Structures are given as structure tokens and as C-alpha cells.
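Contents: one structure, followed by commentary.
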2 protein chains.
Amino acid sequence: MSTAYEETGRSRQKQRTRAALVAAARQLVAEGGRPPTVAEAAEAAAVSRTTAYRYFPTQHALLVAAHPEIETTSMLPAEVGSDPETRIEAAVRSFMAMVVDTEEQQRTMLRLSLQRDAASRELPLRQGRAIGWFTEALDPLADRLGADGVRRLAVAIRAVCGVEALVWLTDIAGLSREQAVEQMAWSAVALVRRANDQPHAL
Amino acid sequence: MSTAYEETGRSRQKQRTRAALVAAARQLVAEGGRPPTVAEAAEAAAVSRTTAYRYFPTQHALLVAAHPEIETTSMLPAEVGSDPETRIEAAVRSFMAMVVDTEEQQRTMLRLSLQRDAASRELPLRQGRAIGWFTEALDPLADRLGADGVRRLAVAIRAVCGVEALVWLTDIAGLSREQAVEQMAWSAVALVRRANDQPHAL
DNA sequence: TTCGTCATGGGACTTGAGTCCCACGAACGG
DNA sequence: CCGTTCGTGGGACTCAAGTCCCATGACGAA
């Protein structure tokens, strides 16, 4: 990671500082389950706290930038076939496996996104890739529902399957993680089925 | 249940102090959209901050205690009939109207419940009444699904309809509050329909 | 070579959550 | 009536999130 000492100039400097912060935060996230404070990330990046805040005005911004992007292009197994229900169930299970794997970070991100007042809520929030994955899983329905119908169905499914729902199902309803995922898969299929039965209703 | 302890002296004092804190917090919640700090509630109750923390170890605990309990016994209009789908849709709309009305507090409670580390997450969290209301709405299905089936369906529906989903649908997916509620109602019906079609699948 | 720009560092300050310790005084028990 | 208990108040302290201001020093253009 000792990059390009040849690169000089102020713009490069900024790039490097930013990259160092992101890399440090990313590493700290990977190491301990608990997300780092800004100060911790700054120190790990050998950068002053003040500077860190210059690049990322909030801890949330830093963690968003540090969020290890899942590189997966698709969440569907190769041999999944064309049945929409089977496909969405597979997609949901893959997606939720990832969410459960990174649950601590997911919770923190959710909490931090709830942190600020209504004003800052207007800011563009980072969307995950779930919509894309679900849309792909729903591809066989594109003819029947139309692109817009598929997208809305994907949104509906994402509303059922995610950290938010996981938090409620486990913390409040008392389900195990496995039960929660089962629940979500079942619900997702229910949504697909209704959309399929009544293409105009959504 | 209240026979054991004396009605005078110190125990009464404790009752009064606690009640004053709850009342103050409740009032502050009602006044400003933004939930009060512990210090604010303490001052409003004419009690020291230290004492406030003695009664409620966290802001979350105080807000939970202060949460104005909705007194509604049922969320169903009188003339709703016996069609489970109609009933659940009405219940969901009523419930979500209440959630949207108190959205700021709901968000804060959600955020605070995410606040602490995994250890404190083990503590019994307060459950809302949604499950009860949804169960009531699903009453016509009791024969078909059994009590347990109804409860699990109610849980599934609550996972789809609540602040958590509202937050995602509005903040991330960009839906309006109305659209989000529509979405939830549609999803809830989808779940009921699937449960009804395949009573054993859940 | 000089001079202004600009990324950075350092430290003080604010605010809210929460903890700890000690002192005061009213209530209680003997 | 006296001593203990216990609810309370006050203040100091920690910690993390942010904010602000000023100094410094390298970069880069004239």
C-alpha cells in the first residue's frame, strides 16, 4: 500500500490522504467487528483527526466510503433456472447471508443514518446493490410486469429483506438469524406471487 | 400486586420522582418533535440529572417509559367485516398512520435501540402492540392457520410494516410517506394471501 | 528566489451520554 | 431521642462527535 512516491503535487497528496483514511477505516472495520471512531481511523492512517474531518465531515461519511464494496455482480447460482420464485429466493438468501455476515457494520450504518436531524436526511444516501440483484432475479417477469413493475417489486422485496427487518425480527420478535432469513425468503416469494398474479395491482 | 410496600415515606417519594421524570419526558416529547436529553427531562422534572440517571440508566430507558401508550384497543373500524385481506389492510393503514404521526420519536427509539453493544441487546426490549392488532385482524384465519400460524403471520406482517421499513422506503428508496404505506399495505395483503393459500408453508 | 496558496497539524472548545464520589438531610427503626 | 438508612443534589470526570482557529511548511507560479 506504500503507493507511488513518485506522485507529487497537491492533488495527488489529497488523493493519497483520502485513500489512506479509507484504507485504514476499511481495515479497522475488517479487524474488529465494531466500526472505528474517526479518531481511530485517523491515527491508523497516520493523519490528524482534524484532517480526517476535512475529508469526511461525519463518521457516517467515512464508513460509507470505507464500506467494502461487495464485488459480486450477481447473487444467483449459475444453475438457478428461470422460475422467478426460485430465483428470488436464492437471491434473498445470498443477500441476507452477506448482511448477516457483516451485521455489526450494517447496524452501525443504519444507526448513523438515523443520527442526524431531518435536514441532513435529505442528502443522497448510498444505495446498496440489492435492488440490482433482485431486479436481475426477477428478470423472467420483465415481460409480464414491465421494467417499472419489476423495479417496484424489487423495492418491495428489499423493504422486507434487509438489516432493518433483521433487526426487528431478531431483537424484538426474538427470532434467530436463521428463522429471520427463512421468514424473509417466504415473504419475498409471497410478494413475487402476488405481483405475478395481479400484474397491475402494485 | 401493590400490597407489599408501604404507602408512605420514602417509597412514595421514589414513586413521585419517577412519575415526575416520566411526565416531564412525555411532555417534552409531545411538545418538540425532537426527543429530550436526559438533562432536559431532569430539569423539566425539577430533579437533578444524577437522580434522573438513577431511575433511568439510559436515555432509551427514559423514552421507553415516557412513550405515550396508544390506548387504542383495536385498530379496526367497526364495520370492517370478516375478509382477512380487508381487515389486515385496514389494520396496517391505521398502524402506519400512527407511526407516521410519531415518526420522529419512532426514529429516535429505533436509533437508540441500535445504540448499545451486543450485550445490552440481550435485554428484553419493549414490544409494541402491532402484533396484537394484526393478530386481531387475522382472527378470521385462526381456524385455518391455527393460533401459532396466525402469530407467525402477524410477525411477518409487522416485519414489513413499521418504522424500519418506513425509513428504508422513504430515505433510501425515495418513496413518499403515502407511497410507502401503500407499498406496505400491498405487501401485507400478499403475505396474508400466501399464508391463506398454503397454510402449512410458513 | 520569492511569495502566496493550501494541505496539514495541533489544540481548545462544545455538546450529549454516562459514571463516580461525596455530602446533606429527611425518614425510619430502635 | 439518637443513629442509620437512603433518596437526592452537586460537581468532576470520561468519551466520542464535531467545530474552529491558528501555525507551519511544502508546493508551485511569477
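Note that this is a predicted model, so its numbers are computed, not measured.
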For atom [atom1] of [X] and atom [atom2] of [N], their distance in whole Å:
X	N	atom1	atom2	answer
A:Leu112	D:dA16	CG	P	14 Å
A:Glu40	D:dC15	CD	P	12 Å
B:Leu62	C:dG18	CG	P	10 Å
A:Leu63	D:dG18	CG	C1'	15 Å
B:Arg111	D:dA16	CZ	C1'	14 Å
B:Arg18	D:dT8	CZ	C1'	17 Å
B:Glu43	D:dG9	CD	C1'	14 Å
A:Phe56	C:dT8	CZ	P	12 Å

Subject >> A:Arg49: side-chain hydrogen bond (donor to acceptor under 3.5 Å, both in side chains) partners, not counting sequence neighbours >> reply: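 In terms of side-chain hydrogen bond (donor to acceptor under 3.5 Å, both in side chains), with neighbours along the sequence ignored, A:Arg49 is linked to no residue.
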**OP:** Would you jot down, in residue-number order, the residues of residues 45-54 of chain B having a non-hydrogen atom under 4.0 Å from DNA chain C?
**Re:**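 Per residue number, the list reads B:Arg49, B:Thr50, B:Tyr53.
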Got a sec, which residues hit salt bridge (charged side-chain N to carboxylate O under 4.0 Å, His left out) with [X], two or more places apart in sequence or on another chain?
X	result
B:Arg18	none
B:Arg54	none
B:Glu43	none
A:Arg87	none

Subject >> 4.5 Å side-chain heavy-atom contact, A:Tyr53 and A:Thr58 >> reply: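 With C-beta onward as the side chain, the pair stays apart.
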Original post:
Given D:dT8, D:dG18, C:dA7, which nucleotide is nearest the side-chain atoms of B:Tyr55?
Top reply: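 Of the candidates, D:dT8 comes closest.
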Subject >> Proximity to the side chain of A:Thr17 - top-ranked nucleotide from C:dA7, C:dA17, D:dG7 >> reply: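 The listed nucleotide nearest to A:Thr17's side chain is C:dA7.
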Subject >> Carboxylate-amine/guanidinium proximity below 4.0 Å for A:Asp197 and A:Arg144 >> reply: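 Here A:Asp197 does not pair with A:Arg144 in a salt bridge, since their nearest N and O are not under 4.0 Å apart.
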**OP:** Look at the side-chain N and O atoms of A:Gln59 and state whether any lies under 4.0 Å from the OP1 or OP2 oxygen of D:dA16.
**Re:**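 For A:Gln59, the contact criterion (side-chain N or O under 4.0 Å from OP1 or OP2 of D:dA16) is not met.
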**OP:** Indicate whether OP1 or OP2 belonging to C:dA26 is found under 4.0 Å from a side-chain N or O atom of B:Gln13.
**Re:**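 Answer is no, no contact under 4.0 Å.
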